[in-house]
Novice: 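Handing you a structure now.
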Amino acid sequence: MLTYIQAIVIGALQGVTELFPISSLGHSVLVPAWIGGSWEKLVTDGDSANGTPYLAFVVALHVATALALLGYYWRDWVEIITGFVTTLRTRRIETSSQRLAWLIVLATIPVGVLGLLLEHPLRTMFATPIYASVFLALNGIVLIVGEGLKRRNAPSLADYGRRFAESEERAQARARGAAIEEDTRLESEERLASLSVKDALGIGLAQSGALLAGFSRSGLTMVGGLLRGLDHEDTAKFAFLLATPVILAAGVLKMPELFGPQGAQIHGQALVGAIVAGVSAWLAVRFLERFFKSRTLLPFAVYSLIVGLASIARFA
């Protein structure tokens, strides 16, 4: 039986690890396995072919995480959805928000198709502690390789000079009391909209690796974005925007599990866990937005490697 303490802990874990590039699905398998006892039984109890109470509970956490992302980026989503509807009416793509809307649609196709075809067999085959451990370690390697390839294409000194000048101008504008937050958001939208269709499909295909417990959706998406020329700040935002419809759609499709026999005894725990997951996700995305203004994926890569290797030693 899922307790309220377990619901709170796992909810907080889900909200953070879904957005941190360290795999929420991997941690939802590994943390109960490490603790053992009744925690470990959460993952193993039930009929894995038809869903377990724990998986039904995780559905609620995913929906809460997606709603937190929608709330955090609500201005962007208003423009993206408006732009998408406008293009359907006019059959033209004229603005950055309209183009970004279609890039998100295109990038969602690979993981949507593969998720429908492979999510259940992959969950049944690989959502075990040892596999999650191996894939988490591999996640760290992928993040390191992505950072290495990004560094090989590092900006020139002229680029740094331009960015420094822009930062100076913005500092002066801020000192004069000018409101630049909206301008910054629109500039980020324009940069994301400059991705090509090939770039969007490639990034979308990269995030499909998160179907394997241990690989991070946001981490793989960010690596894909870095390899296509985005900086850490923009690629993190694109990862969060791209994750929102995927997480929300997956949660809604699996919602019958929560209201079916597997979730019959955990509705209260699911509600509490969902609230905690939503708040945690909101705080996580706020932190990561600031973190990636000046830092890289390497701390998360090191964490994934250490925890993955330690877990391999523990569960092998």
Side-chain angles (χ1 to χ4, degrees), residues 17-24 65-66 69 72-73 76-77 79-80 96-97 99-112 114-115 138-156 159-160 163 184-212 215-247 281 284-301 303-304:
T17 57
E18 183 67 53
L19 303 178
F20 278 48
I22 55 176
S23 178
S24 64
T65 302
L69 285 172
Y72 192 88
Y73 289 111
D76 297 272
W77 279 112
E79 293 186 1
I80 289 169
S96 59
S97 60
R99 179 173 174 79
L100 180 57
W102 278 101
L103 289 176
I104 290 175
V105 170
L106 291 173
T108 303
I109 291 174
V111 70
L114 292 175
L138 291 176
N139 181 72
I141 294 174
V142 170
L143 298 184
I144 291 172
V145 171
E147 282 292 347
L149 293 177
K150 170 66 176 177
R151 289 176 182 275
R152 290 174 56 185
N153 299 311
S156 65
D159 291 327
Y160 281 118
R163 292 182 183 181
T184 302
R185 186 182 66 81
L186 293 176
E187 289 170 6
S188 175
E189 181 181 279
E190 290 174 358
R191 290 192 296 271
L192 294 178
S194 68
L195 289 169
S196 68
V197 170
K198 181 180 178 181
D199 292 339
L201 289 173
I203 294 172
L205 184 61
Q207 75 160 333
S208 301
L211 293 171
L212 297 170
F215 281 109
S216 165
R217 184 193 316 277
S218 61
L220 295 177
T221 305
M222 286 192 66
V223 168
L226 292 175
L227 296 181
R228 304 318 301 170
L230 294 175
D231 62 18
H232 291 86
E233 185 178 359
D234 285 340
T235 198
K237 181 176 180 178
F238 190 63
F240 300 147
L241 290 175
L242 188 56
T244 303
V246 175
I247 300 172
V285 69
R286 184 177 180 181
F287 168 80
L288 290 172
E289 260 201 345
R290 299 178 180 180
F291 181 89
F292 285 122
K293 288 181 182 293
S294 58
R295 299 180 185 178
T296 72
L297 290 167
L298 289 180
F300 306 105
Y303 170 87
S304 296

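Because only heavy atoms are used, hydrogens play no part in the values below, and waters and symmetry mates are left out as well, while side chains stay in. Note that the structure is a prediction, hence the values are computed from the model and not measured.
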Novice: Which heavy-atom pair separates P110 from S208 by the least distance, and what is that distance?
Specialist: C-OG, 3.7 Å
Novice: What heavy-atom pair brings A281 and L19 nearest, and what distance separates the two atoms?
Specialist: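 Of all heavy-atom pairs spanning A281 and L19, the closest is O-CD1, 3.3 Å.
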Novice: Report the distance from atom CG of L288 to atom OG of S218, rounding to the nearest 0.5 Å.
Specialist: 7.5 Å
Novice: Just do the side-chain contact (heavy atoms from CB on, under 4.5 Å) check on L103 and D199 with the steps written out, would you?
Specialist: CA-CA 9 Å; L103 289 176; D199 292 339; over 6 Å; no
Novice: Do the non-hydrogen side-chain atoms of P245 and W77 ever get within less than 4.5 Å of each other?
Specialist: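 They are in contact (side-chain heavy atoms under 4.5 Å apart), so the answer is yes.
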Novice: To check you understand the geometry: which heavy-atom pair defines the closest contact between F240 and L69, and what is its length?
Specialist: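 Closest approach of F240 to L69: O-CD1, 4.0 Å.
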Novice: Could you report the tightest heavy-atom contact between I80 and A101, atom names first, then the distance?
Specialist: O-CB, 3.4 Å
Novice: Under 3.5 Å, is there a donor-acceptor pair linking the side chains of Y73 and E289?
Specialist: yes
Novice: Taking C-beta and beyond as the side chain, do S97 and E189 meet within less than 4.5 Å on heavy atoms?
Specialist: yes
Novice: Applying side chain to side chain contact (heavy atoms under 4.5 Å, CB included) between E147 and each of V142, T296, V223, report the one that passes.
Specialist: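 Only match with E147 under side chain to side chain contact (heavy atoms under 4.5 Å, CB included): T296.
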Novice: Begin with the C-alpha distance, continue with both residues' side-chain angles, and end with the deciding distance and a verdict on side-chain contact (heavy atoms from CB on, under 4.5 Å) for T244 and T65.
Specialist: CA-CA 8 Å; T244 303; T65 302; over 6 Å; no
Novice: Yes or no on side-chain contact (heavy atoms from CB on, under 4.5 Å) for T235 and F292, after CA distance, side-chain angles and deciding distance?
Specialist: CA-CA 9 Å; T235 198; F292 285 122; over 6 Å; no
Novice: Would you name the heavy atoms of I104 and T108 that are closest together and state the gap between them?
Specialist: O-OG1, 2.6 Å
Novice: Let me confirm one number: the CD1-CG distance from I144 to L297, rounded to the nearest 0.5 Å.
Specialist: 10.5 Å
Novice: Could you measure the distance from the CG atom of L195 to the CD1 atom of I203? Nearest 0.5 Å is fine.
Specialist: 5.0 Å
Novice: Are L298 and L143 close enough that some pair of their side-chain heavy atoms sits under 4.5 Å apart?
Specialist: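 With C-beta onward as the side chain, the pair stays apart.
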Novice: CD of E233 to OG of S294: how many Å apart, nearest 0.5 Å?
Specialist: 9.5 Å
Novice: So L211 and L114, do their side chains get closer than 4.5 Å, heavy atoms only?
Specialist: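 Result yes, sub-4.5 Å side-chain heavy-atom pair found.
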Novice: If you round to the nearest 0.5 Å, how far is CD of Q207 from OG of S216?
Specialist: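 Between atom OG of S216 and atom CD of Q207 there are 10.0 Å.
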Novice: Which residues pass the side-chain contact (heavy atoms from CB on, under 4.5 Å) test with A206, not counting sequence neighbours?
Specialist: none
Novice: Less than 4.0 angstrom from a charged side-chain N to a carboxylate O is my criterion; do K150 and D231 meet it?
Specialist: no
Novice: Is there a side chain to side chain donor-acceptor pair (under 3.5 Å) between N139 and S23? Walk through the geometry before answering.
Specialist: CA-CA 8 Å; N139 181 72; S23 178; over 6 Å; no
Novice: Minimum heavy-atom separation for D76 and K237, please, with both atom names.
Specialist: OD1-NZ, 2.9 Å
Novice: Go through the steps to decide whether R217 and E18 satisfy the test salt bridge (Lys or Arg N to Asp or Glu O under 4.0 Å), and finish with yes or no.
Specialist: CA-CA 8 Å; R217 184 193 316 277; E18 183 67 53; 3.5 Å; yes
Novice: Nearest 0.5 angstrom please: D234 CG to E187 CD, how far?
Specialist: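 Answer rounded to 0.5 Å: 10.0 Å.
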Novice: Test F20 against F291 for ring pair (Phe, Tyr, Trp, His ring centres under 6.0 Å), laying out the working first.
Specialist: CA-CA 11 Å; F20 278 48; F291 181 89; 7.9 Å; no
